[in-house]
Enquirer: 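My questions will all concern the structure given below.
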Amino acid sequence: MLREGYKASVSERAKSERLKTELITNVSHDLRTPLTSIITYTDLLKNEDLGDEERRKYVDILDRKSERLKVLIEDLFEVSKMASGNVELSKQHLDMKQLVTQALAEHEEAVQEAELDVRITAPDHPVYASVDGQKWWRLLDNLILNATKYSLPGSRVYIALAEQADELAITIKNITRYELGDNTEELLERFKRGDASRQTKGSGLGLAIAQSIVDLHGGQMKLEVDGDLFKVTVLLPNHQ
């Protein structure tokens, strides 16, 4: 028994070290890409013979790349902070149904662009829970953003809020535009994306941030992949 426990411990440490190495590699890659562009186009702007049209084009590129860099750094900082456990929750008694509706409204334009048909199922009455409103908003925002970015255009997205015996359940299901394989653990690894070519916007930390927020609230987040169907379920104790 001791030997098995030791082997499991060693295996966990090895996995942790592998994830740290992958994090450093991926962060370095993702930070270097926009930074290289910023340096390149800044040098180009120093050319006094540059025309107005080209100058405006380069400034636009610089604006996009700097915003990308800002998102990466802020998300990396947030994950690191939450992973350290050095976070205080400011809980409020909030209507989870209203939060889901508001978070979805924020992405109405992206939903329309992807021609997604979003179906919401929830009780007729308000569903209250004690959560940190700002962080729970970020959780919902990340999960809905994840669905809009990675869903197959023209498909349906199902969002369900349900009250169970001793917990609340929020479920989001969508058909993915990329093959995900069947290793759900990898989807929670830092900077993992559904598209291995890393062509989509964002830091790739969305699910990792969501997982950290759920952990801080004493809940659970489960990921399931069945072919092209991606399902994320958030369970939150409703006795808080």
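Just so it is clear, the model here is predicted, and its values are computed rather than measured. Just the heavy atoms: all of them, side chains too, but no hydrogens, waters or symmetry mates, feed the values below.
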Enquirer: About how many Å separate CD1 of Ile39 and CG of Leu35, when rounded to the nearest 0.5 Å?
Expert: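 Result: 4.0 Å between the selected atoms.
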Enquirer: List, one per line, each side-chain donor-acceptor pair under 3.5 Å for residues 48-56, sequence neighbours excluded.
Expert:
{"unit_1": "Arg55", "atom_1": "NH1", "unit_2": "Leu45", "atom_2": "O", "d": "3.3"}
{"unit_1": "Arg55", "atom_1": "NH2", "unit_2": "Asn47", "atom_2": "O", "d": "3.4"}

Enquirer: Working note: Asn146 + Phe230, criterion side chain to side chain contact (heavy atoms under 4.5 Å, CB included); need CA distance, chi angles, decisive distance, verdict.
Expert: CA-CA 11 Å; Asn146 191 69; Phe230 176 74; 3.8 Å; yes
Enquirer: Between Leu236 and Val131, is there a side-chain heavy-atom distance shorter than 4.5 Å?
Expert: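 They are in contact (side-chain heavy atoms under 4.5 Å apart), so the answer is yes.
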Enquirer: Determine whether Asp117 and Val157 make a side-chain contact, defined as any pair of heavy atoms from C-beta on separated by less than 4.5 Å.
Expert: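 No - every pair of side-chain heavy atoms lies 4.5 Å or more apart.
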Enquirer: Only counting residues at least two apart or in another chain, list the ones meeting side chain to side chain donor-acceptor pair (under 3.5 Å) with Asp60.
Expert: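 Partners of Asp60 by the side chain to side chain donor-acceptor pair (under 3.5 Å) criterion, ordered by chain and then number, come out as Arg64.
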Enquirer: Could you measure the distance from the CG atom of Leu69 to the CG atom of Leu62? Nearest 0.5 Å is fine.
Expert: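 So the gap between those two atoms works out to 11.5 Å.
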Enquirer: Taking only distance into account, with no hydrogens and no angle test, what donor-acceptor pairs under 3.5 Å do side-chain atoms of residues 107-116 form with protein atoms, sequence neighbours excluded?
Expert:
{"unit_1": "His107", "atom_1": "NE2", "unit_2": "Asp141", "atom_2": "OD1", "d": "2.6"}
{"unit_1": "Glu108", "atom_1": "OE2", "unit_2": "Gln112", "atom_2": "NE2", "d": "3.4"}

Enquirer: Please check if the side chain of His217 supplies one atom and the backbone of Asp132 the other of a donor-acceptor pair under 3.5 Å.
Expert: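 Side chain of His217 to backbone of Asp132, a donor-acceptor pair under 3.5 Å: yes, one is there.
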Enquirer: List the atom of Thr171, the atom of Lys173, and the distance in Å for their closest heavy-atom pair.
Expert: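 For Thr171 and Lys173, the tightest heavy-atom pair comes out as CG2-CG, 4.1 Å.
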Enquirer: State the NZ-CZ distance between Lys149 and Arg177, to the nearest 0.5 angstrom.
Expert: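 These two atoms lie 10.5 Å from each other.
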Enquirer: So, do Ser66 and Ile38 sit near enough that their side-chain heavy atoms are less than 4.5 Å apart?
Expert: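 Answer yes - side chains close enough.
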Enquirer: Looking at Lys65, I want to see if its NZ is surrounded by more than 12 non-hydrogen atoms of other residues, nucleotides or ligands under 6.0 Å.
Expert: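 No - once you tally the heavy atoms of other residues, nucleotides and ligands closer than 6.0 Å, there are 12 at most.
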Enquirer: Okay, side chain of Lys222, backbone of Val234: is any donor-acceptor separation there less than 3.5 Å?
Expert: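 Not at all, since once roles are kept as given, no pair shorter than 3.5 Å links the two residues.
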Enquirer: To the nearest 0.5 Å, what is the distance between CD (Gln211) and CG (Leu216)?
Expert: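 So the gap between those two atoms works out to 10.5 Å.
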Enquirer: Among all residues two or more places apart in sequence or in another chain, which pass the side chain to side chain contact (heavy atoms under 4.5 Å, CB included) test with Ala103?
Expert: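 Side chain to side chain contact (heavy atoms under 4.5 Å, CB included) check on Ala103 returns Trp137, Leu140, Ile144.
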Enquirer: Indicate the atoms forming the closest heavy-atom contact of Trp136 with Met96, along with that distance.
Expert: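 Heavy-atom minimum between the residues: NE1-CE, 2.8 Å.
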Enquirer: If you look only at pairs with a residue in residues 35-73, which of them pass as a ring pair (Phe, Tyr, Trp, His ring centres under 6.0 Å), with sequence neighbours excluded?
Expert: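 Pairs touching residues 35-73 that pass the test: Tyr41-Tyr58.
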Enquirer: Tell me, do Lys97 and Ile120 make a side-chain contact under 4.5 Å, heavy atoms counted?
Expert: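 Sidechains of Ile120 and Lys97: no contact.
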Enquirer: Are Leu152 and Asp228 side-chain neighbours, meaning at least one heavy-atom pair lies under 4.5 Å?
Expert: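 The answer is no, as the side chains (C-beta and beyond) never meet within the 4.5 Å cut-off.
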Enquirer: For the CD1 atom of Ile172 and the CG atom of Leu223, what is their distance to the nearest 0.5 Å?
Expert: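 If I round to the nearest 0.5 Å, the distance is 11.0 Å.
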Enquirer: Any heavy-atom pair between the side chains of Leu168 and Glu163 that's under 4.5 Å?
Expert: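 Yes, their side chains come closer than 4.5 Å.
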Enquirer: With sequence neighbours excluded, tell me which residues meet side chain to side chain donor-acceptor pair (under 3.5 Å) with Arg156.
Expert: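 Here no residue qualifies.
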Enquirer: Donor-acceptor pair, distance only, cut-off 3.5 Å: does the side chain of Ser151 make one with the backbone of Thr148?
Expert: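 Here the side-chain-to-backbone pair does not exist.
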Enquirer: Do you know which two heavy atoms are closest between Gln92 and Gly133, and how far apart they sit?
Expert: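 For Gln92 and Gly133, the tightest heavy-atom pair comes out as OE1-N, 3.9 Å.
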Enquirer: In the structure I gave you, are the side-chain heavy atoms of Gln98 and Val100 within less than 4.5 Å of one another anywhere?
Expert: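 Answer no - side chains too far apart.
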Enquirer: With a 4.5 Å cut-off on side-chain heavy-atom distances among I, L, V, M, F, W and Y, is there a chain of contacts connecting Leu94 to Val214?
Expert: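 Yes, it is one cluster - the side chains of Leu94 and Val214 are joined through contacts under 4.5 Å.
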Enquirer: Side chains of Leu89 and Lys135: closer than 4.5 Å at any heavy-atom pair?
Expert: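 The answer is yes, as the side chains (C-beta and beyond) meet within the 4.5 Å cut-off.
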Enquirer: Looking at every heavy atom in both Gln164 and Ala169, which two are closest together, and how far apart are they?
Expert: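 Reported closest heavy-atom pair: NE2-CB, 3.5 Å.
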Enquirer: Spell out, as yes or no, whether a donor-acceptor pair under 3.5 Å connects the side chain of Asp95 to the backbone of Val127.
Expert: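 Yes, Asp95 side chain to Val127 backbone: donor-acceptor pair under 3.5 Å.
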Enquirer: If you look at every heavy atom in Gly219 and Pro237, which pair is closest and at what distance?
Expert: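 What the structure gives for the nearest pair is CA-CD, 3.9 Å.
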Enquirer: Answer yes if Leu104 and Tyr158 sit in the same cluster of Ile, Leu, Val, Met, Phe, Trp and Tyr residues linked by side chain heavy atoms under 4.5 Å apart, and no otherwise.
Expert: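 Each belongs to a different hydrophobic cluster.
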